[in-house]
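Worksheet: one structure, shown below.
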Amino acid sequence: MASWKKTIATPFKKAATFFNQPQQSPRKGCRMDAKAREEHERRMVQELQGEVMACGYDDVLVMWSILDKSNSFNNLTSS
């Protein structure tokens with residue numbers, strides 16, 4: 001019983017962690033320009049999306065679409 005819960009919960013935890021992380025200023029000596037940061041975030045979203053799409057539960061896919069739409073909307077309004 002625990003395995004199906006883990007299968008469903010893991011992508012949600014990763015998505016929540018990714019979408020809810022605060023915007024951090026670059027640390028000294030570890031500066032990323034805006035373009036590199038955007039590329040990194042895009043790769044992370046693609047990786048997370050791959051994991052979510054590999055999950056066979058429709059509920060997970062629906063939640064991903066809600067999170068993805070919400071993130072797209074937030075990016076449009078903050079620009």
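Positions are given from 1 along the sequence.
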Open item on the list: For the CG atom of L61 and the CD atom of Q49, what is their distance to the nearest 0.5 Å?
Closed with: 10.0 Å
TODO: Could you name each residue pair satisfying salt bridge (charged side-chain N to carboxylate O under 4.0 Å, His left out) that touches residues 50-67, not counting sequence neighbours?
DONE: K14-E51
Task: E39: partners by side-chain hydrogen bond (donor to acceptor under 3.5 Å, both in side chains), with sequence neighbours left out - done: R42
Open item on the list: For E38, give me all partners under side-chain hydrogen bond (donor to acceptor under 3.5 Å, both in side chains), at least two apart in sequence or on another chain.
Closed with: none
- [ ] Please report the closest heavy-atom contact between W64 and V52, naming both atoms and the distance.
- [x] CB-CG1, 3.5 Å
